[in-house]
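I have placed the structure first, in the form of structure tokens, so that the comments after it can refer back to it.
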Amino acid sequence: MTTKLTIPTRKTVIERVKREGFQLGAVMPFHYSRALLRAFDIHPMEIWGPPHVEPMDGRQHFPEYTCQVVQKATRFLQTEQAHDIDCILIPHTCDSLQGMASVFIDFIKLPQPVFTLYHPRGRRPSDLEFLENEFRVLSQKIADFTGKTLSEERLHHEIDFEERADRLMERISTNRGEYQLTDREFYTFLRSREFLPVQDFMNLAEELPTGKADLKGPGILLSGIVPEPMDLFDHINEFGAHVIADDLACCSRRIYKAPDETDAFKRLAKQLTSMPPDPTISTPYAERFDYLIDRMKQSSSQAVIVFDVKFCEPELFYLPMFEDAMREAGWPFIYIENELTPELPEQVLNRINSFVEVLL
Amino acid sequence: MSFGNLVNYYLTANLFGYPYLQCQKRQQEKKYEQMGRNNSSDLNPPLKATARMAELLSRQYLKGKYTDGVRKVAWHSSGAPIEILQALDFFLYTPDNHAALCGARKMGVQYSEVAENHGYSRDICSYARTDFGSYFSGDTPVGKIPRPDLIVVSNNICQTILHWYQAMGAYLNAPVFLIDTPFLYGDAEEHQVEYVKKQLEELIPVAEKISGKTLSEKRLKETTRIGKECSDLWVEVLYRARAKPAPITGFDAFILMGPIVALRGEDSTVRFYEQVLKEIDERVERGIGAVKTEKHRILWDNLPIWYNLSWMSKKLASHGIAVAISNYTYQWGESARFMSMKDPLDSAARTYLHAVLNRSAGYKLDQMRQMVTDFSLDGVLLHSDRSCKPYSLGQMDQATSLLTDMGVPSLILEADHNDSRIFSEEQVSNRLQAFAEMMTA
Ligand code: SF4
Ligand code: SF4
């Protein structure tokens, strides 16, 4: 199968959006509103701990038991490559990102402002109301920084776009078998939303080659935070299996619903609390596993690979019950930890290989 | 309500249990007295009140053993607002305290291993692993843990605790109520206070329904008042260590903090801390320091290393180092300044939102700086706690700032609060020695 996708590089996107008058916002993982930033002419570019970055500088600020997403992003944000960035947004995803935001604000003190966004862990009326207010406060801070006044109309317009992109993403990721792409291409496309302008992403989605995918061997549900390095997909294919569905933080855990709401901030709050169950927002355990069982059934997945970044506490807490729930339902399960290395270590490859062999 | 349990609760726990615990307490006090007379150590004996504290906590655990069917039980995290629960007469149990106790009794690894055999990673908080292991093995040093009718958890210390308590709720099929406290990167904003307050309001009907009681405003004011009194006394206890030599060390405070965490809002806790204060004042008057020859005074940052408390305090004392204050113990007193009987819910929202662990690394540094001045400190020991990220991230920059801005040397010591498997006494000894030399230079 050949690559039929032409996805611009991050560098090209940055140059273009800058030319178009946008500022660049670096965003850490992972629940936030792209629409709100876009409404202020800030283009969001997500940082999931670039694997090629050496974490050395990160280690000057964080102990070695901090995950590599934080370590590498810390390093990256201090390199020359980050000079184009105008502001940084760190959502409150976990204790590690909380620490990162705090250290950036209080100590590292980059020239760019660092914004934060607290995501409430409950789903009660008070949680929604808080998130709405949190968005208002963030919006005011961004307005102060950009010197621009937020237009509600523009915000609605951007939310409309994001909702359309979410629907597309939902349709595409639940119908993996209908796209003639390798797993790596398929997920490269899904992940391009981390840096592409929403319209570009939607255009790209329309151009995806449709038709029965050439998927070999058993279909696997891939869970975890971020599939880095992306060679992971090639190896899974090489060993004789394919990824038929995902529960990745960077992909399907960010497909939000489209709430029926006229107030823009209420709409943002409702949207951002409508994601699928997710450890980082502390979804009750049973709810998460019921959802995953449904996902396994809908996608006819035959096994689960959880591919996580080492030291990711939210994921680790859900792991034992996740494994029990899957095994009880009869699905083989494997947990793999990696440190965002540019290449997968031999030991990891052997484990994936043995796991797939059992499935064949 | 089971008649058998009722009888056990009042007779066994109250009538027969107390005299036994009293007797144990007296024996312990005698032991401390003897230690005082016949003591070649670098440390003076612990306060006699320590024996009283053990009695208070044991009494609570004893009651917990027989509380099923007699009183409704609420589990709560160490930083959770308990005033509403107390006003509704819940029997309170603090899993964090239990985990710390297991750690202090060197049972953290044993339980962690059980949890790890059930699939929990060695990279998650060792308190959580300890409690999971205790639950899976059905074993606990406190006899029996009461089953929760309600679990109230606040993430004002970390997000981790939420995962831990939710897991226990799932295992025990108990409802979990979250008091979500947005992290404060600066001062609390009004929408954050409002949010916490609303959740406290939402907790009331839930807790009322489970307890079968109606919340009395008068009683809530009363529990708030006593809670504040306990916290204020606790701050006084800690601040007595400004005296030179320090009459108590951070290690004494780690032990004495049990009631402020688990029994805040009880009259007995107020009386206990009054007794502690009295004893400390006697020491100050007589110029008795916790460390016999105090040469250096330092701050302990982060959780204690529970399984090595005694070794660590002796090791530091052997270099003449007194841990005059720990910011960890201070957190149960600091934000009590917000507590007010006038508006218990609003003040509780502010109090619990401002817990030091819910505040930025920069704020923690400011607090350390203040303590360096207030307690005339010569150094800071930062325990880089492998399985407690919220407390440990930021320490590297804090250490650098302390040195560059104030000339205060520090030592970052990597360990874990409950898991002794990564602790090397030899390595730590060498590093402590170097630290002492640095402060002497
Ligand atoms: S990998 Fe896990 S611990 Fe690291 S930033 Fe992401 S959610 Fe947090
Ligand atoms: S992670 Fe730290 S603050 Fe959180 S429960 Fe564990 S020891 Fe306490």
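Just so we're on the same page: letters track the sequence lines, and every chain starts at 1.
Looking at B:L162, the atoms closer than 4.5 Å to chain A (heavy atoms on both sides) all sit in the side chain, from C-beta outward. For B:S121, the part lying near chain A is the side chain, with the backbone staying farther off; criterion is any non-hydrogen pair under 4.5 Å. Contacts of A:E323 with chain B are absent, with no heavy-atom separation under 4.5 Å from either backbone or side chain. Residue B:L365 touches chain A through its side chain alone, counting heavy-atom pairs closer than 4.5 Å. Of the two parts of B:D385, only the backbone, made up of N, CA, C and O, holds a non-hydrogen atom closer than 4.5 Å to a non-hydrogen atom of chain A. Within the 4.5 angstrom heavy-atom criterion, only side-chain atoms of B:S401, from C-beta onward, approach chain A. Both the backbone and the side chain of A:F130 come within less than 4.5 Å of a heavy atom of chain B. The contact between A:D127 and chain B is made by backbone and side chain atoms together, counting heavy-atom distances below 4.5 Å. Proximity to chain A is absent for every atom of B:E190, based on heavy atoms less than 4.5 angstrom apart. Using a 4.5 Å cut-off between heavy atoms, B:E194 does not touch chain A at all. Only the side chain of B:A170 comes within contact range of chain A, with at least one heavy atom under 4.5 Å from a heavy atom of that chain. Using a 4.5 Å cut-off between heavy atoms, A:P279 touches chain B through its backbone atoms (N, CA, C, O) alone. Interface residue A:Y318: only side-chain heavy atoms are found under 4.5 Å from chain B. The part of A:E337 that comes within reach of chain B is its side chain, from C-beta onward, which places non-hydrogen atoms under 4.5 angstrom from that chain. In this structure, chain B has a heavy atom under 4.5 Å from the backbone of A:T283, while its side chain stays farther away.
Between A:F62 and B:Q395 the shortest side-chain heavy-atom distance does not fall below 4.5 Å. Between A:P63 and B:L393, some side-chain heavy-atom pair lies under the 4.5 Å cut-off. No side-chain heavy atom of B:E189 sits under 4.5 Å from any side-chain heavy atom of A:E134. A heavy-atom distance below 4.5 Å is not found between the side chains of B:H191 and A:E129.
Taking every heavy atom of both residues into account, A:S102 and B:A361 meet most closely at OG-N, 2.7 Å. The two residues B:Y120 and A:L316 have their closest heavy-atom pair at CD2-O, 4.5 Å. Considering every non-hydrogen atom in both A:Q98 and B:P390, the closest pair reads NE2-CB, 4.1 Å. Taking all atoms of both residues into account, the shortest heavy-atom contact from A:Y65 to B:K389 is O-CE, 3.0 Å.
More than 12 non-hydrogen atoms from other residues, nucleotides or ligands lie less than 6.0 angstrom from CZ of A:R123. Residue B:Q427 qualifies as open at atom CD: its count of foreign heavy atoms under 6.0 Å is 12 or below. Remark: B:D187 CG is loosely packed, at most 12 non-hydrogen atoms of other residues, nucleotides or ligands lying under 6.0 Å away.
Within the structure, the side chain to side chain donor-acceptor pair (under 3.5 Å) test picks out the following pairs touching residues 172-183 of chain B (sequence neighbours left out): A:Y118-B:D180, B:N155-B:D180, B:N155-B:T181, B:D180-B:Y195.
Residues of residues 106-117 of chain A that come within less than 4.5 angstrom of chain B, heavy atom to heavy atom, are A:D106, A:F107, A:T116 in numerical order.
Cation-pi geometry between A:R124 and B:F177 is met: under 6.0 angstrom from the ring centre, within 45 degrees of the axis.
The greatest number of non-hydrogen atom pairs below 4.5 Å with chain B, out of A:P125, A:P314, A:P284, is found for A:P314. Of the listed residues A:C94, A:A101, A:C312, the one with more heavy-atom pairs under 4.5 angstrom with chain B than any other is A:A101. Per-residue counts of heavy-atom pairs under 4.5 Å with chain A were compared for B:G362, B:P182, B:G394; the largest is that of B:P182. Ranked by non-hydrogen atom pairs under 4.5 Å with chain A, the options B:C158, B:S387, B:G186 are led by B:C158. For the set B:H118, B:E201, B:K198, B:Q166, the count of heavy-atom pairs under 4.5 angstrom toward chain A peaks at B:Q166.
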Go through the steps for B:R122 and A:E313 under the test salt bridge (charged side-chain N to carboxylate O under 4.0 Å, His left out), then give the verdict. CA-CA 10 Å; B:R122 260 177 93 159; A:E313 276 210 352; over 6 Å; no
Pair B:E202-A:S126, side-chain hydrogen bond (donor to acceptor under 3.5 Å, both in side chains): steps then yes or no: CA-CA 9 Å; B:E202 286 167 353; A:S126 54; 2.9 Å; yes
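To the nearest 0.5 angstrom, A:F104 atom CZ is 12.0 Å from B:Y185 atom OH. Here the OG atom belonging to A:S282 is positioned 4.5 Å from the NE2 atom belonging to B:H163, to the nearest 0.5 angstrom. Between atom CD of residue A:E315 and atom CG of residue B:D123 there is a gap of 13.5 Å, rounded to the nearest 0.5 Å.
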